[in-house]
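Please read the structure below before turning to the comments.
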Amino acid sequence: MNRESKAEDITPAKAGQQVPWLEWLASGIGLLLVLAIFGVIGWQAFNDASTPPVITVEVGNVAPVEGGYRVLFRARNTAGDAAAQVEIEGKLSAAGAEAETSRVILDYIPGHSERHGGMFFTRDPRSGALAMRATGFAEP
């Protein structure tokens, strides 16, 4: 008899006992989070992740520095794929003067992100026409 009473004390909760509502709530929230994560991953896999890089360049601040002018810019990748070794070219042209070109290479721009950089010119970019563009990239 002694053995039987000990076995009954160790057994899990009785089958008729209900699970508290807080456990159901926590389980439901966990299930929703897992489904949301899988949904986002699936959406990216089918819609966006394999789009080749699209790099746009926007001119930022122009400031005089020793020996010339510094032009800060923002390079934005609006596609899903990442781009490596992104070459950015800036061409400054002014009336009656030869065009001045400056180039910089950004190591890596992930998909849907941006990187900042700068170029140097000997003439003031505000006094002429400054055109900046991405000229090439490599697949990482």
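Hydrogens, waters and symmetry mates play no part in the numbers below; they use all other heavy atoms, side chains included.
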- line: Sorted by chain and number, sequence neighbours left out, side-chain contact (heavy atoms from CB on, under 4.5 Å) with Leu31 holds for Leu35
Scan the side chains in residues 126-137 for donor-acceptor partners under 3.5 Å anywhere in the protein, sequence neighbours excluded, and list what turns up.
| unit_1 | atom_1 | unit_2 | atom_2 | d |
| --- | --- | --- | --- | --- |
| Arg126 | NE | Asp124 | OD1 | 3.1 |
| Ser127 | OG | Asp124 | O | 2.8 |
| Thr135 | OG1 | Glu87 | O | 3.4 |
| Thr135 | OG1 | Glu87 | OE1 | 3.4 |

- request: List the atom of Ala79, the atom of Pro53, and the distance in Å for their closest heavy-atom pair.
  value: CB-CA, 3.8 Å
query: Roughly how far apart are Ile109 CD1 and Ile55 CD1, rounded to 0.5 Å?
result: 4.0 Å
query: Using links of under 4.5 Å between side-chain heavy atoms of ILVMFWY residues, direct or through other members, which residues join Val34 in one cluster?
result: Phe38
task: Can you measure from CD1 (Ile88) to OG (Ser102) and round to the nearest 0.5 angstrom?
output: 11.0 Å
Would you tabulate the side-chain donor-acceptor contacts of residues 65-72 under 3.5 Å, counting partners in other chains and residues two or more places apart, or write 'none'?
none

message: Walk me through whether Thr78 and His112 qualify under side chain to side chain contact (heavy atoms under 4.5 Å, CB included).
response: CA-CA 5 Å; Thr78 57; His112 300 293; 5.7 Å; no
Distance-minimising heavy-atom pair for Ala75 and Leu106: CB-CD1, 3.7 Å
- line: Sorted by chain and number, sequence neighbours left out, side-chain contact (heavy atoms from CB on, under 4.5 Å) with Pro110 holds for Tyr108, Ser113, Arg115
- prompt: Please walk me through it: do Val59 and Phe73 pass side chain to side chain contact (heavy atoms under 4.5 Å, CB included)?
  reply: CA-CA 5 Å; Val59 177; Phe73 66 88; 5.6 Å; no
query: Can you list every pair that meets salt bridge (Lys or Arg N to Asp or Glu O under 4.0 Å) and has a residue in residues 17-46, with sequence neighbours left out?
result: none
task: Could I get the full list of side chain to side chain donor-acceptor pair (under 3.5 Å) partners for Arg76, not counting sequence neighbours?
output: Glu114
- prompt: According to a 4.5 Å side-chain heavy-atom criterion applied to Ile, Leu, Val, Met, Phe, Trp and Tyr, with indirect links allowed, do Val62 and Phe120 form part of one hydrophobic cluster?
  reply: no
Pair listing, side-chain hydrogen bond (donor to acceptor under 3.5 Å, both in side chains) test, anchored in residues 90-100, at least two apart: Glu100-Thr122
message: Among residues at least two apart in sequence or on other chains, which ones pass side-chain contact (heavy atoms from CB on, under 4.5 Å) with Leu32?
response: none
message: Among residues at least two apart in sequence or on other chains, which ones pass side chain to side chain donor-acceptor pair (under 3.5 Å) with Gln85?
response: none
Separation of Asn77 CG from Thr56 OG1 (nearest 0.5 Å): 8.5 Å
message: Apply the hydrophobic cluster definition, ILVMFWY joined by side-chain contacts under 4.5 Å directly or through others, and give me every member besides Val40.
response: none
task: Apply side chain to side chain contact (heavy atoms under 4.5 Å, CB included) to the pair Val57 and Glu89, showing each step before the final yes or no.
output: CA-CA 9 Å; Val57 182; Glu89 177 185 74; over 6 Å; no
